[in-house]
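All remarks here apply to the structure that follows.
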2 protein chains.
Amino acid sequence: MTQEEKDIYLKFGLAGSMVLFGFDGEDLKVLIHQKKDEPFKGAYLLPGRYIKTDEAIDPVIKELMHHHTGAEYAYMEQLKAFPKVFRNPEGRIINISYYALVKIDEEMLQKTEKRKGIWVNYDEIPDLAYDHNEIVEYAKERLKRRVKRRPIGFFLLPKLFTIGELQKLYEKSLNKELDKRNFRKKIFKSELIIPTEHTKPGPRKDSVLYKFDEDKYEKLTLKGYDFLF
Amino acid sequence: MTQEEKDIYLKFGLAGSMVLFGFDGEDLKVLIHQKKDEPFKGAYLLPGRYIKTDEAIDPVIKELMHHHTGAEYAYMEQLKAFPKVFRNPEGRIINISYYALVKIDEEMLQKTEKRKGIWVNYDEIPDLAYDHNEIVEYAKERLKRRVKRRPIGFFLLPKLFTIGELQKLYEKSLNKELDKRNFRKKIFKSELIIPTEHTKPGPRKDSVLYKFDEDKYEKLTLKGYDFLF
DNA sequence: CCAAAAGTGTTCGGAATACACCCATGA
DNA sequence: TCATGGGTGTATTCCGAACACTTTTGG
């Protein structure tokens with residue numbers, strides 16, 4: 001590239017955004033917040049920021065997640081690039097979006113609140129700035145497919161969880177109701193979860209807490225397992 | 001953004017690349033060519049080019065495809081962004097990659113030859129410049145998944161095709177052998193293909209030519225059909 | 001004693017898989 | 001006449017889907 005060409009071509013900006021899905025045992029949620037500066041001050045939008053030319057984007061997204069939630073690790077994957085010409089009034093900014101999965105617990109709730117984060121319900125996403133609604137839609141589609149074929153639902157649950165919680169999670173992300181008996185049959189057949197000694201006090205009857213068999217999970221993901229809900 | 005910030009942030013380049021899969025009735029292939037200028041002159045790489053800040057990328061990719069193959073339409077989808085910091089010595093260039101599916105006929109072979117394109121076998125991709133091997137790997141994974149669930153194989157076949165060709169295509173892209181009888185059963189059950197009056201002279205026995213039921217395809221894609229090989 | 005969630009088996013139909021031989025024809 | 005690819009049917013197994021009652025316990 002000549003200097004002239006560089007002047008023409010090296011004029012893009014790069015932003016990274018994150019669709020953070022969280023599950024609290026009851027509902028599937030997405031983290032958004034309100035923009036603090038112009039343009040679009042006050043508008044809702046996804047967590048994200050501009051990237052510098054010497055920065056890798058993956059660590060930025062991890063850092064974003066840590067900053068907003070306090071979580072160290074999570075399932076995380078790039079969605080795709082959103083490269084429309086007029087998506088951002090500041091210039092031609094390419095957005096590369098990721099999605100991540102976390103379990104929402106008390107600690108995280110406090111953290112996100114401190115950071116002015118807002119957990120909105122999976123199917124009640126408000127109007128967002130830029131093309132962020134489009135990004136969320138794309139992320140939801142991806143999540144639905146992934147949940148069907150890989151046991152990534154486990155990333156959204158605490159270490160110990162009940163079958164009821166697991167089923168609710170699947171129902172929310174697939175957006176349909178599942179039969180309790182068939183659900184149990186399928187989950188147990190996969191042998192991905194192990195019952196523990198512990199129980200969770202329910203409003204009436206207690207329920208058994210399960211944990212996730214990580215070894216088995218590793219093996220299954222390696223050979224491209226199909227979970228198939 | 002202040003001017004100062006723009007100087008820091010708006011320094012990225014954007015390139016679009018395309019993994020073009022083609023099927024000639026026998027083998028599944030990928031189009032590559034050789035770089036004509038420095039850096040990496042002579043190296044193999046994917047079709048692609050730099051994007052200007054006022055250009056949308058989708059049309060550029062379509063234009064690329066048309067330029068290299070002469071084809072007007074094809075199945076086409078963004079893969080994802082490849083945003084590594086040091087992938088390109090010219091600067092921080094973000095690559096957004098697409099893949100597309102075409103049928104290779106005589107006419108296209110002439111066109112690609114004229115454009116110095118090289119059709120290499122699906123499982124014999126040579127070393128490519130930049131991170132293009134990584135892009136091709138990603139595209140192959142995507143193609144495998146898509147072929148399993150959507151009848152996109154039809155984009156890779158001529159208007160009239162034999163069951164044998166269709167089966168070969170599936171075998172190549174899934175990289176496994178399929179049982180002839182079971183394959184036919186499944187394909188016919190889907191009712192996506194219609195027999196025609198025509199036959200194709202085989203080396204021995206002639207074989208019936210089929211065409212693709214486009215109306216049925218439309219309906220099935222609308223309601224999120226699962227083909228499932 | 002009742003409301004609410006936990007837990008538990010069976011039946012049926014459809015699909016996937018495995019498997020072997022005849023046919024037509026050009027060489 | 002034989003080598004090559006086209007074409008065809010059945011039996012078994014497995015999985016998904018539909019479906020209803022009992023158990024526990026706090027209020």
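Order of the sequence lines sets the chain letters (A, B, ...), proteins ahead of strands, with each chain counted from 1. Note: hydrogens, waters and symmetry copies are ignored here, and every other heavy atom, side chains too, is used.
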In terms of ring plane angle, is the pair A:F161 and A:F154 parallel, tilted or perpendicular, where the classes change at 30° and 60°?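 A:F161 vs A:F154 ring planes: tilted.
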Is [X] side chain donor-acceptor paired with the [N] base, going by distance under 3.5 Å alone?
X	N	value
B:K205	D:dG7	no
B:K180	D:dG6	yes
A:D206	C:dA6	no
A:R181	C:dA6	no
A:K185	C:dT10	yes

Atom-pair distance ([atom1] on [X]; [atom2] on [N]), nearest Å:
X	N	atom1	atom2	value
A:N182	C:dT10	CG	C1'	11 Å
B:K200	C:dA24	NZ	C1'	18 Å
A:L178	D:dA18	CG	P	11 Å
B:F183	C:dA18	CZ	P	16 Å
A:K186	D:dA18	NZ	P	12 Å
B:K189	C:dG13	NZ	P	17 Å

Residues that B:H67 engages under ring-ring contact (aromatic ring centres under 6.0 Å, His included), provided they are two or more places apart: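 Expected list: none.
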Which is it for B:L192 and B:F212 under the side chain to side chain contact (heavy atoms under 4.5 Å, CB included) test, yes or no, and what are the steps along the way? CA-CA 6 Å; B:L192 276 165; B:F212 172 36; 4.1 Å; yes
Within the pair A:R184 and C:dG7, is there a side-chain N or O less than 4.0 Å away from OP1 or OP2?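 So the side-chain polar atoms of A:R184 do come within 4.0 Å of the phosphate oxygens OP1 or OP2 of C:dG7, strictly under.
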Between B:R204 and B:F188, name the one whose nearest nucleotide on DNA chain D is closer to the 5' end.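 Here B:R204 is the residue nearer the 5' end.
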Taking for each residue the nucleotide of DNA chain D with the nearest heavy atom, is it B:D179 or A:P203 whose nucleotide lies nearer the 5' end?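 The answer here is B:D179.
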Does A:E26 pair with A:K168 as a salt bridge, N-O distance under 4.0 Å?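 Judged by the 4.0 Å cut-off on N to carboxylate O distance, A:E26 and A:K168 do form a salt bridge.
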Ring of B:Y170, cation from B:K172 - is the NZ or CZ under 6.0 Å from the centre and inside 45° of the axis?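 Judged by the rule (NZ or CZ under 6.0 Å from the ring centre, within 45° of its axis), B:K172 is not positioned above B:Y170.
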For the residue pair A:S97 and A:Y138, establish whether any side-chain heavy-atom pair is separated by less than 4.5 Å.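 The answer is no; the side chains never approach within 4.5 Å.
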Where along residues 157-169 of chain A does a heavy atom fall under 4.0 Å from DNA chain D?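 Output list: empty, so none.
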Can B:E77 and B:R142 be said to form a side chain to side chain contact (heavy atoms under 4.5 Å, CB included), step by step? CA-CA 10 Å; B:E77 195 186 344; B:R142 178 76 63 95; 3.1 Å; yes
Whichever of A:S207 and B:G202 has its nearest DNA chain C nucleotide further upstream toward 5':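 Its nearest nucleotide lies further toward 5', so the answer is A:S207.
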